[in-house]
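Remarks on the structure that follows.
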There are 2 protein chains.
Amino acid sequence: MKLDRIDIRQTASATDLVFEALRKAIIEGELAEGEHLRQDHIAQMFNTSRIPVREALQRLEQDGLVTTQRFKGTVVAALSVSEIEEIFEFRALLESEMIRLAVPSLTREQLEAARANLQAFAETTDPGSWGEANRNFHYGLYEAADRPYHLQIIRSSLDRVDRYLRAQLTLTDGAQRANREHMAIFEACRKGDAAEAADLTRAHILDAGRSLLSILEKRRG
Amino acid sequence: MKLDRIDIRQTASATDLVFEALRKAIIEGELAEGEHLRQDHIAQMFNTSRIPVREALQRLEQDGLVTTQRFKGTVVAALSVSEIEEIFEFRALLESEMIRLAVPSLTREQLEAARANLQAFAETTDPGSWGEANRNFHYGLYEAADRPYHLQIIRSSLDRVDRYLRAQLTLTDGAQRANREHMAIFEACRKGDAAEAADLTRAHILDAGRSLLSILEKRRG
DNA sequence: CAATTGTATATTGGATCCAATCTGAGTTAA
DNA sequence: TTAACTCAGATTGGATCCAATATACAATTG
């Protein structure tokens with residue numbers, strides 16, 4: 001009997017699993033900023049030794065999601081107001097350029113997918129799902145730009161501020177406004193107006209940033 | 001007797017040291033792309049166990065400088081032509097914006113430092129030092145923009161292509177051209193013309209990218 | 001009582017050991 | 001001949017153990 005070779009190799013290491021789980025927890029705000037991440041504790045949660053945990057923490061630190069002090073440990077990174085401000089400015093620059101590059105190449109299928117994602121965002125009532133719906137809409141459009149490195153950096157910059165952004169969507173009328181802005185961006189894309197899509201995307205991100213900063217200033221004094 | 005408190009704590013872990021050394025070796029092109037990085041071998045070089053080596057490799061992978069396959073090991077990352085092309089495009093976008101933000105805030109001291117770095121680059125004959133002199137000139141100017149996150153991403157994007165860029169500076173008249181372009185950028189900064197400095201920086205980076213790509217296409221066929 | 005010192009415990013950094021997987025040379029069978 | 005199989009060595013992934021440091025709290029001293 002001749003069997004096809006089936007690859008049953010495990011593709012994910014323990015390090016990968018721990019990294020992804022912690023990354024998700026930080027991005028979604030389940031781990032509060034400043035919270036201590038004890039190696040032993042995390043290792044027990046994942047039923048592994050501390051080795052994969054430490055490797056995952058190294059990766060997270062490289063992504064700016066945690067900060068480590070030698071012999072003291074690792075805590076969830078806390079961003080200052082000016083750091084958050086800067087990252088929104090960065091995202092506005094990069095994502096507006098990305099949509100400009102994407103618009104001329106958008107296929108009918110990609111536009112249809114964007115419309116569906118737009119709809120999904122509008123219909124999402126669970127605040128915990130807004131973040132993902134938001135990403136789906138924007139990143140779906142960016143795919144057409146065919147710039148994987150740009151997209152990777154865009155993802156990484158959103159990762160750093162996503163937990164704050166989710167708070168902004170939840171605590172204010174941010175989700176409604178985001179939805180209106182998404183519709184305008186989509187319409188510009190549909191028309192093939194790259195410059196307008198870029199301008200709207202830029203304004204969309206800077207708007208969210210300003211709204212978020214006003215919340216933070218109230219909260220932090 | 002009252003002594004000032006002196007902090008004799010070791011600030012650098014073995015992981016830090018290994019990471020920095022490997023990063024430098026990759027950026028400077030001492031490790032060829034595709035070269036296998038054996039944990040055992042590196043551990044012996046640094047007189048440590050494999051644990052800090054593995055942690056350093058995790059960081060390097062997160063920065064895109066190496067790629068790892070489970071159970072197979074880690075190799076120095078090799079970029080495709082289109083990846084290199086994209087990163088130069090990314091750098092042109094980001095660094096032109098950075099200099100635009102920097103110019104209005106440039107102090108006399110920063111301009112003087114830039115002039116000195118310009119001179120240093122021009123007088124550097126050792127190809128191995130061009131990379132650093134180049135960074136000193138550009139990043140010195142960017143400091144004035146007071147955007148640490150932008151600068152971090154700029155560094156990281158240059159890290160990925162620096163070894164190719166150094167080859168381009170060495171193998172062609174790249175260094176001479178770079179020097180002329182640096183002088184023009186400096187002059188625009190001195191005049192306070194942010195838009196021109198941005199345009200020149202954009203052209204400077206795209207020029208180097210095009211020159212590099214033509215070399216690569218010859219080499220790789 | 002306040003400030004300092006000693007000490008026990010928790011936690012991290014690193015070394016060593018074992019298990020899982022890959023690789024490649026030699027062997028066998030169609 | 002050539003493709004598949006076997007097995008030993010090399011290499012990576014992970015667990016366990018030990019050392020170095022931090023932290024909290026009791027003890028001590030002025």
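Chain A is the first sequence line, chain B the second, and so forth, proteins listed ahead of strands; every chain is numbered from 1.
- The nearest heavy atom of DNA chain D to A:Asn47 and to B:Asp40 marks one nucleotide each, and the one closer to the 5' end goes with B:Asp40.
- Neither OP1 nor OP2 of C:dG13 sits under 4.0 Å from any side-chain N or O of B:Thr15.
- Protein atom CD of B:Gln39 is 13 Å distant from nucleotide atom C1' of C:dT21, rounded to whole Å.
- As rounded to whole Å, 13 Å separates atom C1' of D:dT12 from atom CD of B:Gln69.
- Between A:Gln44 atom CD and C:dA10 atom P there is a gap of 13 Å when expressed in whole angstrom units.
- A:Arg59 places a side-chain heavy atom less than 4.5 Å from the side chain of A:Thr15.
- The residue B:Leu57 sits apart from the nucleic acid: no heavy atom pair falls under 4.0 Å.
- Across the protein-nucleic acid pair, A:His36 atom NE2 and D:dA24 atom P stand 11 Å apart, rounded to whole Å.
- Put simply, B:Arg70 has a side-chain N or O that comes within less than 4.0 Å of OP1 or OP2 on D:dG14.
- When rounded to the nearest whole Å, the span between CZ of B:Phe46 and C1' of C:dG14 equals 16 Å.
- Atom CZ of B:Phe71 is separated from atom P of C:dC18 by 18 Å (rounded to the nearest Å).
- Between A:Asp162 and A:Arg135 there is a salt bridge, with a side-chain nitrogen of the basic residue lying less than 4.0 Å from a carboxylate oxygen of the acidic one.
- Listed nucleotides C:dC22, D:dT21, D:dT12 differ in distance to B:Arg38; the shortest reach to its side chain belongs to D:dT12.
- Taking 4.0 angstrom as the limit, B:Thr74 places none of its side-chain polar atoms (N or O) nearer than this to OP1 or OP2 of D:dT12.
- With the nearest nucleotide of DNA chain C identified for both B:Glu55 and B:Arg50, B:Glu55 has the one nearer the 5' end.
- Toward the 5' end of DNA chain C, the nearer of the two residues A:Ile51 and A:Gly73, judged by each one's closest nucleotide, is A:Gly73.
- Computed from coordinates, the A:Gln58 CD to D:dG13 C1' distance equals 16 Å when rounded to whole Å.
- B:Leu151 places a side-chain heavy atom less than 4.5 Å from the side chain of B:Arg155.
- At least one side-chain heavy atom of B:Ile84 sits under 4.5 Å from a side-chain heavy atom of B:Leu212.
- In this structure, A:Tyr149 has its ring center under 6.0 Å from that of B:Phe90.
- To the nearest angstrom, P of C:dT16 lies 15 Å from CZ of B:Arg54.
- Of all nucleotides listed (C:dG13, C:dT16, D:dA15), C:dT16 comes nearest to the side chain of B:Ser49.
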